Amino acid sequence: MSTYHYEYSLQTQKQHFHNITSFVEEALQKSGAENGICLVFCPHTTAAVTLNENADKDVVGDLCFALDQTFPDRKEFRHSEGNSAAHFKSSCIGPSLTLPFIGGKLKLGVWQAVYFCEFDGPRKRSVFVTIVT
Ligand code: ZN
């Protein structure tokens, strides 16, 4: 078994889904790996990673809207930093993805893209890509 690890950074907006598919494809290309799995990991508690539609940008906008409706800020929250809603969104979406690749290419669905999800920006963030063959 071989592993390759890459770290990327990005500057985020307040709340936004950033398409980071190119980061993952670049890591895969650098590794030279042919077949295996790729772990995409978000090392933050108010951000996440997910797969979703790459064609209509309104889809990720609607996701942000729906998350705001599901996890509104509440005066009853006790977390002193004041960003509990962002923590809930992070846990709901999740910190990692496991993606297959074959022949050096990610096996994403036609309409899928990899998104870094910011819920408490703007911040400088990191995302890790680990390739396992
Ligand atoms: Zn916090």
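Everything numeric here is computed off the predicted structure, so don't read it as measured data. We count ligands from 1, going down the list as the structure has it; atoms in each ligand are counted the same way.
Asp120 and Lys89 are not joined by a salt bridge, as no carboxylate oxygen comes within less than 4.0 angstrom of a charged side-chain nitrogen. Ion pairing of Glu118 with Arg125 is present here, as a side-chain N (NZ or NE/NH1/NH2) and a carboxylate O approach within less than 4.0 Å.
Between Phe77 and Phe88, the distance separating the two ring centers is shorter than 6.0 angstrom. With ring centers used as reference points, His18 lies 6.0 Å or more from Tyr115.
Distances from the Zn ion (ligand 1) under 2.8 Å pick out these protein N/O/S atoms: His79 NE2, Glu81 OE1, Asn83 OD1, His87 NE2.
A donor-acceptor contact closer than 3.5 angstrom links the side chains of His5 and Thr130. Of the N and O atoms on the side chains of Asn52 and Thr50, not one donor lies less than 3.5 Å from an acceptor on the other residue.
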